[in-house]
Protein chains: 2
Amino acid sequence: MKRKSVTSRDVARLAGVSQSAVSRSFSPTAKVSEKTRKKVMEAARELGYRPNTIARSLITRSSRTIAVVTYSLENPFYSFVLEKASRFFQEQGYHLLLFFAPPGRDFDAVIDDIIKSQVEGVLMLAITIDSSQAKAVADFDIPVVIINRTVNHAGISQVGSDNYRGGYWAASHLATLGLSRIAFLAGLVDSSTSGQRQEGFFDGLEEHGLTCHAMDVGNYRYDDACFATRRLFSAHVVPDGIFAANDLMAIAAMEIIRHEFNLSVPDDVSVIGFDDMPMAAWPSHSLTTLRQPVDEMIMKATELLLAQIHGSQTEPQYIKLPVAPMVRRSTRRPARRSPPGPVA
Amino acid sequence: MKRKSVTSRDVARLAGVSQSAVSRSFSPTAKVSEKTRKKVMEAARELGYRPNTIARSLITRSSRTIAVVTYSLENPFYSFVLEKASRFFQEQGYHLLLFFAPPGRDFDAVIDDIIKSQVEGVLMLAITIDSSQAKAVADFDIPVVIINRTVNHAGISQVGSDNYRGGYWAASHLATLGLSRIAFLAGLVDSSTSGQRQEGFFDGLEEHGLTCHAMDVGNYRYDDACFATRRLFSAHVVPDGIFAANDLMAIAAMEIIRHEFNLSVPDDVSVIGFDDMPMAAWPSHSLTTLRQPVDEMIMKATELLLAQIHGSQTEPQYIKLPVAPMVRRSTRRPARRSPPGPVA
DNA sequence: ATGAAAGCGCTAACAA
DNA sequence: TTGTTAGCGCTTTCAT
């Protein structure tokens, strides 16, 4: 049945019905007699007919397509989010258009591309956009939900977790361990997440009468985090605690600390990450980290986007979910306190 | 300029030109006077006009869209491939439609979906399809390239690496190390890759007068590989060498061997993987593995798909690239041979 | 170089 | 229930 393009007209002709009868037969809600539908389906099968989704989209002005935008999949946290969210939308009958943010900051072209492609919604994964870009999309009435990044321009729904409190907890935990040379390994410098985690971290240190001993930037990437760690540990006085703005960088730091500087984690250096990606729990790493409720984030984000598409939710939402500390073996045991019994 | 839908007619009216002039102005190849184009662009900007890609696709019958199909992104190897290939197509001006294979074997619905969406090509990542499914797509003259899986039905281009020789090398290497209880950790049982690696592995063992000591299945997944490893090491006689059909499973095996059975890799057990994903080189794992030339695979696959789309390459290609052994520290040093000098 | 007109393949009124 | 008709927004002849 190899034919270049079988249209509903061809099917109609073969089935001896009108072209609109064919259209109706392929619409689940339309009312067609069983007899007609059967004839149509038979003819369709014989010709190998498939309704042309593009033509349908043009007239219904609904593409049933959602754009997902991400900047990289190096971090397994985001490939996980991508897969989960995609499967969700796929189950809901949506198609997924995937966009990668280009290396530079030239994001406008992608925004333009997204608008032209007539998607019904946009899901952004950790994409930092500025307010003019946000406005460009909003002006086209395309619902947008952004995961794990906040943008100052209102009008865009955001789902994230409590980065500030996460950073604060990290500082408190390291301080309570009795450490004093605590360093921060930052993510992408212009990302809201890294900024908020840092802020909470600094405030937490201050609360314990400490200041940040050193700081470097790993751009949320493995390689960059390795370089940053080498710099931190080439200093005259090396850190005894590190808070990295995500797990990937935390693991990179541990690799370097252990295998290049021959120091022990956690005996010489305690390390804390952020995300709790699956790998963080692998025994080799056993990384103490802040768990982002990723399933809940995905659920909220996808449902929110769908609600906005269906018009049942017009106000943008700003959802901040709590993070949960996962204490594992990359941080040392707390300093000995007075025992519970009578003092010795 | 928030308007629900600005069409080329609206722009034409404002610019005082015909609708076709607008269309031409947005087509790089069309011949329009500079004056007209300027007027049009001005009006377009003022109204916030964006050409409707869907309408364009309908008439040009070219969607400039490619479908990428994958079954999971748990394995970083595939998120890497996905990202690289996507960026390539994006740079070539194509859109990417992302499909995940459903959990069960019900792949027909996805195939149907892909055909209906009028994509110009399909890139399958490690997707096992049967010949009827392959035929369904081929009948619609949609070019397909499969990465890392072979399908028996001809007519579909395939890009992979030499799984058989990889398996053979793994067996030889372990045998040369003087090991004798060598086990195989299989991937997805119905995948061609796992089968071919196993075949080469078994033949390699036989060549050295060995047989496979034990075998289990890890489905290419981390968790399943952990379970499989536990079973292998709960046996009366435990393996002293393992060849896993991919890196992810090999690393899982090492985690279990080291941290649950307190054995040493490589002193007690040597482990070999397949893929050489970036993580394999991390010092903690330092996994001996077979490197798949992933960049080359992506390049070949994307170029091949493009060539088929443009009609310059009609015959399906079957490309098998060589793999390269990467010897790291998860396999022990070779057994001492007679020294190069005079025998002691 | 420009405008008028004819569709691309489909859905959705409207009649019958 | 069915067929007829009118577009969806665009590209592309064909005259001018």
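- Residues passing the side-chain contact (heavy atoms from CB on, under 4.5 Å) test with A:Q92, sequence neighbours excluded: A:F88, A:Y94, A:L306.
- Taking the six-membered ring for Trp, B:H95 and A:F99 have ring centres closer than 6.0 Å.
- You can see that DNA chain C meets the heavy atoms of chain A within a 4.0 Å-exclusive cut from C:dG9 to C:dA13, reading 5' to 3'.
- Under a 4.0 Å N-O distance rule, the pair A:R87/A:E83 qualifies as a salt bridge.
- A heavy atom closer than 4.0 Å to some atom of DNA chain D occurs in A:L58, A:I59, A:R61, these being the qualifying members of residues 52-67 of chain A.
- For the salt bridge (Lys or Arg N to Asp or Glu O under 4.0 Å) test, residues two or more places apart in sequence or in another chain that qualify with A:D295 are A:K84.
- Among B:Q317, B:K300, B:Q308, the one residue that satisfies the side-chain hydrogen bond (donor to acceptor under 3.5 Å, both in side chains) test with B:S157 is B:Q308.
- Not counting sequence neighbours, the partners of A:A43 by the side-chain contact (heavy atoms from CB on, under 4.5 Å) test are A:V11, A:L14, A:A15.
- Residues that satisfy the side-chain contact (heavy atoms from CB on, under 4.5 Å) test with A:R24, not counting sequence neighbours, are A:S20, A:A30, A:V32.
- Screening residues 64-77 of chain B for salt bridge (Lys or Arg N to Asp or Glu O under 4.0 Å) gives B:E74-B:R221 as the qualifying pairs, with residues at least two apart or on separate chains.
- B:K320 contributes atom NZ, which lies 9.5 Å from atom OG of B:S161 (distance to the nearest 0.5 angstrom).
- Nearest-nucleotide assignment on DNA chain C puts the 5′-proximal partner with B:S18, out of B:S18 and A:S8.
- Checking A:S8 against A:Q19 by side-chain atom types alone, a donor-acceptor pair falls below 3.5 Å.
- Contact check of residues 21-39 of chain A against DNA chain D (heavy atom, cut-off under 4.0 Å) returns A:A21, A:R24, A:K31, A:V32, A:S33, A:T36.
- In summary, the side chains of B:E120 and B:T65 do not present any donor paired with an acceptor at a separation below 3.5 Å, with no hydrogens or angles considered.
- Taking the 5' to 3' direction, DNA chain D first and last meets chain B under 4.0 angstrom from a heavy atom at D:dG9 to D:dT13.
- By the ring-ring contact (aromatic ring centres under 6.0 Å, His included) test, A:F100 pairs with no residue at all, sequence neighbours left out.
- Within 6.0 Å of the NZ atom in A:K39, the count of heavy atoms belonging to other residues, nucleotides or ligands exceeds 12.
- Remark: the B:Q118 side chain and the B:S63 side chain contain no N/O donor-acceptor pair separated by less than 3.5 Å.
- Terminal axes of the helix from C:dA1-D:dT16 to C:dA16-D:dT1 (five pairs each, C1' rotation axis) are separated by 40°, to the nearest 10°.
- Residues that satisfy the side-chain contact (heavy atoms from CB on, under 4.5 Å) test with A:K116, not counting sequence neighbours, are A:D112, A:D113, B:R50, B:P51, B:T53.
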